[in-house]
Each structure stands twice: as structure tokens, then as C-alpha cells.
2 protein chains.
Amino acid sequence: MVEPKRRNTPQKAAVKHALGEATGFVSAQQLHQTLKNHGSSIGLATVYRTLADLAQAGDADSLQSNDGEVLYRACTNAHHHHLICRECGKTVEIEADRVEKWADEVAQEHGFSEPSHNIDIFGNCAACQSAKSKSGLAN
Amino acid sequence: MVEPKRRNTPQKAAVKHALGEATGFVSAQQLHQTLKNHGSSIGLATVYRTLADLAQAGDADSLQSNDGEVLYRACTNAHHHHLICRECGKTVEIEADRVEKWADEVAQEHGFSEPSHNIDIFGNCAACQSAKSKSGLAN
DNA sequence: ATTGCTATTGACATTCATTATCAATAAGTC
DNA sequence: GACTTATTGATAATGAATGTCAATAGCAAT
């Protein structure tokens, strides 16, 4: 089972670029729409394939939205987590050795090897809070 | 918009019970199969509805599997997270005020209100590790 | 126990994200 | 340029989850 050689194509570059332009997390569908709106004739399947590759390679983060879509975001290779606004999707990257260590310890304590983890924090960002209170929907 | 009165039905009880019997996380589909195998004629939609209600009420935890399915598990009302075996799905409930606090702090630091979070730790449990090494697949 | 109201059910259709298929295309190499 | 084959894109297929709606069955009142 030899890995086939990768080829560089304008499509892959386009997806990569579009993902970089996007703020926060985007779905494959959204990205596909965006690309088409900009004149590209890229296929939906290609967007999916490329995003999966990017995630595999560690060039993109992925997480599941609460309505079953997978969302992607360009990222650095460094391990980190996200603080995400429920309303607008604004994202802040979080790094915290404390928590990394904690997760590994917990796994070890229970005899689990090769620990990995998902940590996502959600909340309403400052902008969305003030927007909400202005529209009289304050809780 | 008044909430309609809830009714107690054998179907809801069956789902609740089956969820309690299950070890680890189960999908709605699996649960539906299990129930049918036990002679129930419960409808798939009803299983989905009931699970959604349980999750809403805090009587069940839900998380997304890596292939897009939503998995459920009976749980206590106390807030907690999970340590999950990649191989067999065995689950350990984790509580850690340290991390709860950390998450809330991080959110506050960045101006996010009403913080909530998802934390899941994955690993290979002791049983699966030894099973693997016996079958000569040691890393 | 019977009635009436309506929440709930279940069979089925539908939606929609994602994946598989496969002939046509185009990277990269010589 | 010619050749090999990874990649693409249109389309079909898959499958989880939700909507629909007539029929059923809780439950409160009688």
C-alpha cells in the first residue's frame, strides 16, 4: 500500500485560499458556494475531498456544528482549542498547557493510553451581547 | 406558547430503560434495533424524539461520533465529561472543578458570556491495549 | 367505566450532508 | 510532445435525522 504522489492543482489552492479568507468556521457547503460565487466551477466533491485532506494533514481544524454539519477552519499546526461564539461563530484560539496536562493525567489514571481530546468552549461574544440587549431581547 | 402537558407512555419508558441498559454510548438507530429485537414495535421517529427530549431534560448526554452519528448515554444530572475508549467505546465519567473553572475563566477573559463547554478525552483502555498486543499488533 | 380533548405514536415521505462512482481531464515526468 | 495516472466534477447513492398526518391512547373530568 504505497501512498500515491500528490499533485498540485488550482482547485486545492482555491479551497485552501478560501478557507484562509473565511473568518471562523465554515462548512464544506458554504465554502463551495463561496467559491462558485467567485466564479470557480469547482465541484462539491472536490471541496469535501480537499477539506478532508487538509484536516488530515493538520492544516485545518474540524468540529461538528450542533445541526450535524462538519465545520472547518484554517489553523496552525500547533495543538490548540477554540472559544466559539454561539451567535456569530467568531472564534478565538486557546492554548493551555494546564488543561493538556490534565487531560493526559486523567487518561493515565484510568489506564487509557494514547490520550487525545476535544475541548470546545462556547459563549456569546461581547459584540453579540450588546446587539442582543439593544434589540430588547435581554434575558 | 404554553408547554403542552407531558404524558407517560410505555414507549418513553422503553427508550429510557434501553438507554440505561446500554453500556457506553449508543445511537438512536442502534437503540431502535435493540428495542425491536426485544419485541417492541416502537417507531424510529419516536426513538429520536424521546432521545432528544431526554437530552434536553438533562437525563442523557449526547455527543457526535466521528462518522456523523449522534450518540446518547444515560447520565446523572450532575455536570461532567467523558473519557472514552476509541476501540470498545467504554466510558468513564469525569468530574473536575479545575477544568470547569478554567473554561469559565477563559470565556470571561475574552468577553464571552454564558459559557458552556464540551470536553471529551479519548484513548485506548487497558483491556483493548492488552487485546491488541496479544494479537501481535503492538505499535 | 365512559367521554372528550389532545399529546403521542408510527409508517412513510422528505430533506440534506456526505460519500461513491466513473469517464474525462490535466499534473508531472521523461 | 507523449505517457502515466492522480485528480476532477457531474451525478447517483447512502444514510441519519426530521416533517407529515391519520390513528391511537393518556389522563382529567364526569
Side-chain angles (χ1 to χ4, degrees), chain A residues 1-19 22 24-57 59-73 89, chain B residues 1-19 22 24-57 59-73 89:
Chain A
M1 195 178 101
V2 214
E3 283 297 309
K5 293 170 222 151
R6 286 281 161 76
R7 290 179 185 176
N8 293 323
T9 67
Q11 287 88 340
K12 285 180 187 167
V15 171
K16 217 166 182 172
H17 180 254
L19 189 63
F25 282 87
V26 229
S27 71
Q29 304 273 357
Q30 284 169 6
L31 221 49
H32 180 233
Q33 263 312 314
T34 304
L35 286 163
K36 290 203 122 177
N37 292 345
H38 284 239
S40 169
S41 64
I42 192 170
L44 177 58
T46 302
V47 176
Y48 273 101
R49 281 186 291 240
T50 307
L51 285 175
D53 288 348
L54 288 175
Q56 189 87 42
D59 293 327
D61 277 328
S62 68
L63 69 81
Q64 313 247 2
S65 80
N66 31 25
D67 46 64
E69 247 179 332
V70 178
L71 305 181
Y72 293 92
R73 183 172 191 272
Chain B
M1 194 178 100
V2 214
E3 283 296 308
K5 294 170 221 152
R6 285 282 159 78
R7 290 180 185 175
N8 294 323
T9 67
Q11 288 88 341
K12 284 180 187 165
V15 171
K16 219 166 180 173
H17 181 253
L19 189 62
F25 283 86
V26 229
S27 70
Q29 304 274 356
Q30 284 169 9
L31 222 48
H32 179 232
Q33 263 312 313
T34 304
L35 286 163
K36 290 203 121 177
N37 293 345
H38 285 240
S40 168
S41 64
I42 192 171
L44 178 58
T46 302
V47 176
Y48 273 102
R49 282 185 290 239
T50 307
L51 285 175
D53 287 348
L54 289 175
Q56 190 87 43
D59 293 327
D61 277 328
S62 68
L63 68 80
Q64 312 248 1
S65 81
N66 32 27
D67 46 65
E69 245 180 332
V70 177
L71 305 181
Y72 293 92
R73 183 171 190 274

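Here is the naming used below: chain letters follow the sequence lines, and residue numbers restart at 1 for every chain.
- Within a 6.0 Å sphere centred on NZ of B:Lys16, other residues, nucleotides and ligands contribute 12 heavy atoms or fewer.
- The nucleotide whose nearest atom lies closest to any side-chain atom of A:Thr46 is, among D:dA10, D:dT8, D:dA17, D:dT8.
- For B:Leu44 and C:dA13, the CG to C1' distance is 13 Å, given to the nearest whole Å.
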Side-chain atoms of residues 35-46 of chain A: list all donor-acceptor pairs with protein atoms under 3.5 Å, sequence neighbours left out, distances to 0.1 Å.
from: A:Asn37; atom 1: ND2; to: A:Gln33; atom 2: O; distance (Å): 3.4
from: A:Ser40; atom 1: OG; to: A:Ile42; atom 2: N; distance (Å): 3.0
from: A:Thr46; atom 1: OG1; to: A:Arg49; atom 2: NH2; distance (Å): 3.2

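- Put simply, OH on A:Tyr48 is 13 Å from C1' on D:dT14, counting in whole angstrom units.
- Put simply, CD on B:Gln64 is 11 Å from C1' on D:dA17, counting in whole angstrom units.
- Contacts between residues 31-43 of chain A and DNA chain D, counted as heavy-atom distances below 4.0 Å, involve A:Ser41, A:Ile42, A:Gly43.
- Atoms CG and OG, from A:Leu71 and A:Ser27 in turn, are 6.5 Å apart once rounded to the nearest 0.5 Å.
- Distance B:Glu69 CD to C:dT18 P: 14 Å, rounded to the nearest Å.
- In this structure, the side chains of B:Leu63 and B:Tyr72 stay at 4.5 Å or more apart for every pair of heavy atoms.
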Q.
I'd like to compare against my own output: the B/S/- annotation of nucleotides 25-30 of chain C with a strict under-4.0 Å heavy-atom distance to protein.
A. -BBS--
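- For D:dG19, its base never sits under 3.5 Å from the side chain of B:Arg49 at any donor and acceptor pair.
- For the pair B:Gln29/B:Glu69, a side-chain contact is recorded, criterion being any heavy-atom separation below 4.5 Å from C-beta on.
- Separation of atoms NZ (B:Lys12) and CZ (B:Arg6) is listed at 6.0 Å; rounding is to 0.5 Å.
- The CG atom of A:Leu51 sits 11 Å away from the P atom of C:dT19 (whole-angstrom rounding).
- For the pair A:Leu19 and A:Thr50, the minimum side-chain heavy-atom distance is 4.5 Å or more.
- Computed from coordinates, the A:Asp53 CG to D:dA6 C1' distance equals 12 Å when rounded to whole Å.
- Separating the CD atom of A:Gln30 from the C1' atom of C:dC16 is a distance of 14 Å, rounded to the nearest angstrom.
- Atom CZ of A:Arg73 and atom CG of A:Asp59 lie 13.5 Å apart (nearest 0.5 Å).
- Distance check: A:Phe25 CZ to A:Ser62 OG gives 8.0 Å after rounding to the nearest 0.5 Å.
- Whole-Å rounding puts the A:Phe25 CZ to C:dA17 P distance at 19 Å.
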